[in-house]
Amino acid sequence: MSNEHITLTAGDAEVDVLPGNGGRVGGLRLGGVELLRQGERFGCFPMVPWCGRLRDGRFMDGGTVRQMPLNAPPHAIHGTARNAPWRTARKSTDEAVLTYDLTDPWPYPGRVTQQVSLTEAGLTLTMSVETHGSSFPAQIGWHPWFLRNLGGEDVTIGFEPAWQEERGEDHLPTGRRIDPRPGPWDDCFGMPDGVDVTLTWPGQLQLKVTSREEWVVVYDEQDEAVCVEPQTGPPDGLNTHPRLVTPLEPLEASTTWTWTRL
């Protein structure tokens, strides 16, 4: 694993990009205050070519059943790219572009490109999946671990989803949409006008997570951090809401985090 460490800067914002560790953002500091949970599994990692849990690690490709390794038995979780080294295509003071070529255990060739762009007021993550060969279903998402506490009061999560995906005993959506319920959550929500979630650390910072996508998983069942995960489909979406990557149409998505000091 390459231990290349890219640091982007803009104003008093600093972002660590770790190509060798799953193409993840390893840290985000504002005025020297770290916002992301530290550790090789944390920060913010790209979820690709699927997001969240894939039921029994299986999906259909026409009449063929494809089996992924069960890295969260009995399911497969969060795609294959977060455990793989990515390549740095280019970098500057405030932007890095990384690529990852899909390979085993994923059965189709394709290329993932992720762009990390920093300004004084925000961070934008953009990802695309392309193929020059056979078409295949895929998903894109991001899994940030925002620290619950930055030294003051705990963070609050503000958002107004149109619905919540009912969660079954197996932690996967049942396919029923229900009225949003109070947390704690490890749940998927629908926001048809685009993901818009506000994290507020009272008296310190407000950070908005936005995306044109309509799906977001909110996970706040751990003491240390809260996760707000915009994605192109719900968990098990390769089976229930497949988005096709074709030679003419890549799958593209982005998310932006904007911050304001309080």
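What you see is a predicted model, and the numbers here were worked out from it, not measured in a lab.
Note: W201 CH2 to F146 CZ = 6.0 Å, rounded to the nearest 0.5 Å. Atom-to-atom distance recorded for H75:NE2 and R53:CZ is 7.0 Å, nearest 0.5 angstrom. A distance of 7.0 Å separates CG of N83 from CG of N71, quoted to the nearest 0.5 Å. Taken to the nearest 0.5 Å, the CG atom of L172 stands 9.0 Å off from the OG1 atom of T240. Note that the CD atom of E120 and the CG atom of D12 stand 7.5 Å from one another [nearest 0.5 Å]. One distance of note links CG of L147 with CG of L199; it measures 11.0 Å at 0.5 Å rounding.
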Using the side-chain contact (heavy atoms from CB on, under 4.5 Å) rule, take I77 and R82 through it: C-alpha gap first, then chi angles, then the decisive distance, then the call.
CA-CA 10 Å; I77 199 167; R82 66 177 173 143; 3.5 Å; yes

Would T210 and V195 satisfy side-chain contact (heavy atoms from CB on, under 4.5 Å), going step by step from the backbone distance to the final call?
CA-CA 5 Å; T210 57; V195 172; 6.0 Å; no

Could you walk me through whether T99 and T113 pass side chain to side chain donor-acceptor pair (under 3.5 Å), step by step?
CA-CA 4 Å; T99 62; T113 303; over 6 Å; no

Give the C-alpha distance, both sets of side-chain angles, the deciding distance and a yes or no for side-chain contact (heavy atoms from CB on, under 4.5 Å) between L125 and W257.
CA-CA 9 Å; L125 304 169; W257 310 343; 4.1 Å; yes

side-chain contact (heavy atoms from CB on, under 4.5 Å), that's the test. Do V48 and V129 meet it? Break it down for me.
CA-CA 9 Å; V48 65; V129 183; 3.7 Å; yes

Before you tell me yes or no, could you show the steps for E95 and R90 under salt bridge (Lys or Arg N to Asp or Glu O under 4.0 Å), namely the whole-Å CA-CA distance, both residues' side-chain angles and the distance that decides it to 0.1 Å?
CA-CA 8 Å; E95 183 184 82; R90 63 175 196 269; 3.6 Å; yes

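Screening I6, D94, L118 for a side chain to side chain contact (heavy atoms under 4.5 Å, CB included) involving V15 leaves a single residue, L118.
Both W50 and L251 sit in one connected hydrophobic cluster of ILVMFWY residues. Membership requires side-chain heavy atoms under 4.5 Å apart, directly or through other members. Both L8 and M127 belong to a single network of hydrophobic side chains, linked directly or stepwise wherever heavy atoms of I, L, V, M, F, W or Y lie under 4.5 Å apart. At a threshold of 4.5 Å between side-chain heavy atoms, the hydrophobic network of Ile, Leu, Val, Met, Phe, Trp and Tyr places V112 and L18 in two separate groups. L54 and Y219 fall into different hydrophobic clusters, where Ile, Leu, Val, Met, Phe, Trp and Tyr side chains are chained together by heavy-atom contacts under 4.5 Å.
Atom CD of Q67 has more than 12 neighbouring heavy atoms from other residues, nucleotides or ligands inside a 6.0 Å radius. More than 12 heavy-atom neighbours from other residues, nucleotides or ligands sit within 6.0 angstrom of CZ on R261.
Ion pairing between D170 and R55 holds under the 4.0 Å rule for side-chain N and carboxylate O. In this structure, D196 pairs ionically with K208, as a charged nitrogen and a carboxylate oxygen lie closer than 4.0 Å. Checked for salt-bridge contact, E252 and R243 miss the test: no charged N lies under 4.0 Å from a carboxylate O. With respect to the salt-bridge test (charged N to carboxylate O, under 4.0 angstrom), the residues E40 and R24 do not qualify. A salt bridge between D193 and R212 is absent, with no side-chain N of the basic residue lying under 4.0 Å from a carboxylate O of the acidic one. For the pair R177 and E165, the salt-bridge criterion is met [side-chain N within less than 4.0 Å of a carboxylate O].
Listed by chain and residue number, nothing satisfies the side-chain hydrogen bond (donor to acceptor under 3.5 Å, both in side chains) test with R167 (two or more places apart in sequence, or in another chain). Under the side-chain hydrogen bond (donor to acceptor under 3.5 Å, both in side chains) criterion, Q114 pairs with W142, sequence neighbours left out.
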Check: residues 27-39 side-chain donor-acceptor pairs under 3.5 Å, at least two apart:
| from | atom 1 | to | atom 2 | distance (Å) |
| --- | --- | --- | --- | --- |
| R29 | NE | E14 | OE1 | 3.0 |
| R29 | NH1 | D16 | OD2 | 2.7 |
| R29 | NH1 | E34 | OE1 | 3.3 |
| R29 | NH2 | E14 | OE1 | 3.3 |
| R29 | NH2 | D16 | OD1 | 3.2 |
| R29 | NH2 | D16 | OD2 | 3.4 |
| E34 | OE2 | L28 | N | 2.8 |
| E34 | OE2 | L36 | N | 3.0 |
| R37 | NH1 | Q222 | OE1 | 2.9 |
| Q38 | NE2 | G26 | O | 3.1 |
| Q38 | NE2 | L36 | O | 3.0 |

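Of the N and O atoms on the side chains of T88 and E4, at least one donor lies less than 3.5 Å from an acceptor on the other residue. Counting only N and O atoms by type, the side chains of T256 and T124 include a donor and acceptor under 3.5 Å apart. With 3.5 Å as the limit, one finds no donor-acceptor pair spanning the side chains of Q206 and T260.
The minimum heavy-atom distance linking V216 with P230 is given by the pair CG2-N, 4.0 Å. Heavy-atom minimum distance, A162 versus P180: O-CD, 4.4 Å. A pairwise comparison of heavy atoms in P137 and L244 identifies N-CD1, 3.7 Å as the closest pair. The minimum heavy-atom distance linking A225 with W145 is given by the pair CB-CE3, 4.0 Å. In this structure, G57 and A76 approach most closely via the heavy-atom pair CA-CB, 3.7 Å. Of all non-hydrogen atoms in A253 and I140, the two that sit nearest each other are CB-CG2, 3.9 Å.
The side-chain heavy atoms of D220 and R148, taken from C-beta on, include a pair separated by under 4.5 Å. Put simply, the side chain of V197 reaches to within 4.5 Å of the side chain of I157, judged on heavy atoms. For the pair R87/L98, no side-chain contact is recorded, criterion being any heavy-atom separation below 4.5 Å from C-beta on. Taking 4.5 Å as the limit, some side-chain heavy atom of Q231 sits within range of a side-chain heavy atom of V217. Inter-residue side-chain proximity for W259 and L205 is flagged as met; some heavy-atom pair is nearer than 4.5 Å. Residues P19 and P85 are not in side-chain contact: their nearest non-hydrogen atoms beyond the backbone lie 4.5 Å or more apart. Inter-residue side-chain proximity for T200 and V155 is flagged as unmet; no heavy-atom pair is nearer than 4.5 Å. Looking at heavy atoms from C-beta onward, F42 lies out of side-chain contact with P144 at the 4.5 angstrom threshold.
Relative to the six-membered ring of F59, R66 misses at least one condition, a distance below 6.0 Å or an angle of at most 45° to the axis.
In this structure, Y100 has its ring center at least 6.0 angstrom away from the ring center of W106. Taking the ring centroids of H241 and W215, they lie under the 6.0 Å cut-off.
For W86 (side chain) and A81 (main-chain N/O), a donor-acceptor pair under 3.5 Å exists by modelled atom type. Although no hydrogens or angles enter the test, the distance criterion places a donor-acceptor pair under 3.5 Å between the side chain of S211 and the main chain of S254.
Aromatic ring orientation, F136 versus Y108: parallel (interplanar angle below 30°, classes split at 30° and 60°). Under the 30°/60° scheme for interplanar angles, the aromatic rings of F45 and H143 are found to lie parallel.
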